[in-house]
*Asks:* 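One structure follows; several queries about it will come next.
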Amino acid sequence: MPELPEVETVRRGLEKLIIGTTVTAVNVPYPKVITGDSQAFVTGVMQATFTKIDRRGKYLLLRLSNQHTIVSHLRMEGQYSVEPIGTTPYKHTEIIFELADDRALFYNDTRRFGRMVLATTGHESLVSPSLAKLGPEPTEADLTLPYMINAFSKSKKPIKTFLLDQNQIAGIGNIYADEVLWQSKIHPETPTNQLSKLQLAILRTNIIAEIARAIKHHGTTVHSFSNVFGEVGKFQNELEAYGRVGEPCLRCGTPMVKIKVGQRGTTFCPFCQVKFD
DNA sequence: GCCCTAACCTGATTGC
DNA sequence: TGCAATCAGGTTAGGG
């Protein structure tokens with residue numbers, strides 16, 4: 001499931017592969033992938049050239065030469081691939097951008113959860129309001145400790161749920177939330193406003209380092225993630241909490257347990273991650 | 001305004 | 001063996 005490091009990996013791949021290429025035709029086998037009028041979408045990207053690929057949180061922003069931007073969210077299993085023109089679409093190919101250099105950009109999505117919408121560049125929030133509400137990126141520069149102390153003091157939600165809220169911090173998903181809470185020795189059900197400043201400082205350091213480390217490993221492949229080159233990520237070999245239910249905690253040996261927090265599967269160590277510490 | 005739940009969707013896994 | 005039920009998960013819409 002793509003979280004920030006996976007989306008960043010896709011962004012870097014797309015940047016290498018499609019910048020400077022022009023869209024000559026668009027086929028949409030699954031129109032529901034497009035939010036709004038799919039015909040207007042097609043018209044809006046025709047004959048435009050990809051100029052830049054940006055990312056904000058888990059959103060990809062494909063910049064076009066005609067002042068349009070494709071806002072693309074991969075959700076669970078969306079992925080892009082570049083194929084020779086004429087390649088038969090896959091079972092789950094939802095949109096095909098034919099390019100002037102005899103290649104085609106496919107968007108494939110097994111669960112059909114991903115969405116894309118066409119925006120006027122600079123006004124993306126008009127068609128994707130959630131984009132405007134995203135919290136800071138989990139980086140040293142953007143995610144400051146004063147911001148965290150302020151924002152985290154205002155919520156009684158379980159910290160696990162809070163970390164998944166894109167309006168608080170952009171880009172963290174279920175996998176990295178479990179990872180950073182384990183690293184920080186924080187129980188996932190701890191009310192957010194009960195965390196001490198020291199705990200927040202530790203959590204902040206771990207979030208920033210973990211996301212950077214995952215990007216370096218090209219993301220995590222749990223179900224089906226692959227980059228535009230069809231390569232899987234390598235970070236799943238580095239996971240210390242997520243998916244390790246029943247296995248010994250890497251710190252203390254206690255079997256890891258799985259619970260539901262805010263409807264999400266949550267794996268943690270019942271010994272290391274003490275509640276209300 | 002906050003919180004919780006259902007819905008979206010399909011492949012994989014589990015249960016009978 | 002085969003079918004049905006359940007689970008996974010990011011985001012949004014709707015209800016309390």
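Labels below follow one simple rule: chain letters A, B, ... track the order of the sequence lines, proteins then strands, and each chain is numbered from 1.
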*Asks:* Less than 4.5 Å apart, side chain to side chain, heavy atoms only: is that true for A/C249 and A/W182?
*Replies:*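 A side-chain contact under 4.5 Å exists here.
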*Asks:* Picking from B/dC9, B/dT10, C/dA8, which would you name as closest to the side chain of A/T110?
*Replies:*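 When the side chain of A/T110 is considered, B/dT10 is the closest of B/dC9, B/dT10, C/dA8.
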*Asks:* Of A/S155 and A/R264, whose nearest nucleotide on DNA chain B comes first from the 5' end?
*Replies:* A/S155
*Asks:* Remember a base hit wins even if backbone is also touched, and classify A/K154 as base, sugar-phosphate or nothing at under 4.0 Å, heavy atoms.
*Replies:* nothing
*Asks:* Base, sugar-phosphate or nothing for A/G265? Non-hydrogen atoms, less than 4.0 Å.
*Replies:*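 Since only primed, P, OP1 and OP2 atoms lie under 4.0 Å of A/G265, the category is sugar-phosphate.
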*Asks:* Less than 4.0 angstrom from a charged side-chain N to a carboxylate O is my criterion; do A/R63 and A/E124 meet it?
*Replies:* yes
*Asks:* Tell me, with the steps shown, if A/T190 and A/Q199 meet side chain to side chain contact (heavy atoms under 4.5 Å, CB included).
*Replies:* CA-CA 11 Å; A/T190 308; A/Q199 285 178 308; 5.8 Å; no
*Asks:* Which nucleotide in the set C/dG10, B/dC3, B/dT10 lies at the smallest distance from any side-chain heavy atom of A/K157?
*Replies:*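 Selected nucleotide (nearest to the side chain): B/dC3.
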*Asks:* Specify the separation, in whole Å, of atom NZ of A/K258 and atom C1' of C/dT6.
*Replies:*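 Between C1' of C/dT6 and NZ of A/K258: 12 Å.
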*Asks:* So what does A/K133 touch, heavy atoms closer than 4.0 Å: a base, only the sugar-phosphate, or nothing?
*Replies:* nothing
*Asks:* Please report, rounded to the nearest Å, how far the C1' atom of C/dG9 is from the CG atom of A/N174.
*Replies:* 7 Å
*Asks:* Check whether any side-chain nitrogen or oxygen of A/Q166 sits under 4.0 Å from OP1 or OP2 of C/dT11, and answer yes or no.
*Replies:* yes
*Asks:* Measure the distance from CG on A/D165 to P on B/dC4 and round it to the nearest whole Å.
*Replies:* 12 Å
*Asks:* Could you check how far CD1 of A/I172 sits from P of C/dG10, rounded to whole Å?
*Replies:* 12 Å
*Asks:* Quickly work out the A/R111 CZ to B/dA12 P distance and round it to whole Å.
*Replies:*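 Distance, rounded to whole Å: 9 Å.
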*Asks:* Quickly work out the A/K156 NZ to B/dC2 P distance and round it to whole Å.
*Replies:*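 For the pair A/K156 NZ and B/dC2 P, the rounded distance is 11 Å.
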*Asks:* Are any side-chain N or O atoms of A/E98 and backbone N or O atoms of A/A25, one a donor and one an acceptor, separated by less than 3.5 Å?
*Replies:* no
*Asks:* Among C/dG9, B/dG11, B/dC9, find the nucleotide with the atom closest to the side chain of A/R115.
*Replies:*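 So the nucleotide nearest the side chain must be B/dC9.
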*Asks:* Describe the nucleic acid contact of A/F162 in one word from base, sugar-phosphate, nothing, applying a heavy-atom distance below 4.0 Å.
*Replies:* nothing
*Asks:* Please tell me which of A/T161 and A/D109 maps to the more 5' nucleotide of DNA chain B, matching each residue to the nucleotide holding its nearest heavy atom.
*Replies:* A/T161
*Asks:* Would you tell me if any nitrogen or oxygen in the side chain of A/H92 comes within less than 4.0 Å of OP1 or OP2 on B/dT10?
*Replies:*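 Result: no.
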*Asks:* Look at the side-chain N and O atoms of A/K91 and state whether any lies under 4.0 Å from the OP1 or OP2 oxygen of B/dC9.
*Replies:* no
*Asks:* Quick one: is B/dT10 close enough that its OP1 or OP2 comes under 4.0 Å of any side-chain N or O from A/Y30?
*Replies:* no
*Asks:* For A/S130, which contact category applies under a 4.0 Å heavy-atom criterion: base, sugar-phosphate, or nothing?
*Replies:*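 Sugar-phosphate contact only - A/S130 comes under 4.0 Å of backbone atoms but never of a base.
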*Asks:* Do the charged groups of A/E15 and A/K52 touch, with an N to O distance under 4.0 Å?
*Replies:* no
*Asks:* Using the side-chain heavy atoms of A/Y59, tell me which of these nucleotides is nearest: B/dG11, B/dC3, C/dT12.
*Replies:* C/dT12
*Asks:* Measure from the side-chain heavy atoms of A/Q263 and tell me the nearest of B/dT5, B/dG11, C/dG10.
*Replies:*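 Closest nucleotide to the A/Q263 side chain: B/dT5.
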*Asks:* Using atom CD of A/E77 as one end and atom P of C/dG10 as the other, report the distance to the nearest whole Å.
*Replies:* 11 Å
*Asks:* Under a 4.5 Å cut-off applied to non-hydrogen side-chain atoms, are A/I159 and A/L203 in contact?
*Replies:* yes
*Asks:* In whole angstrom, give the distance that lies between atom CZ of A/F113 and atom C1' of C/dA8.
*Replies:* 9 Å
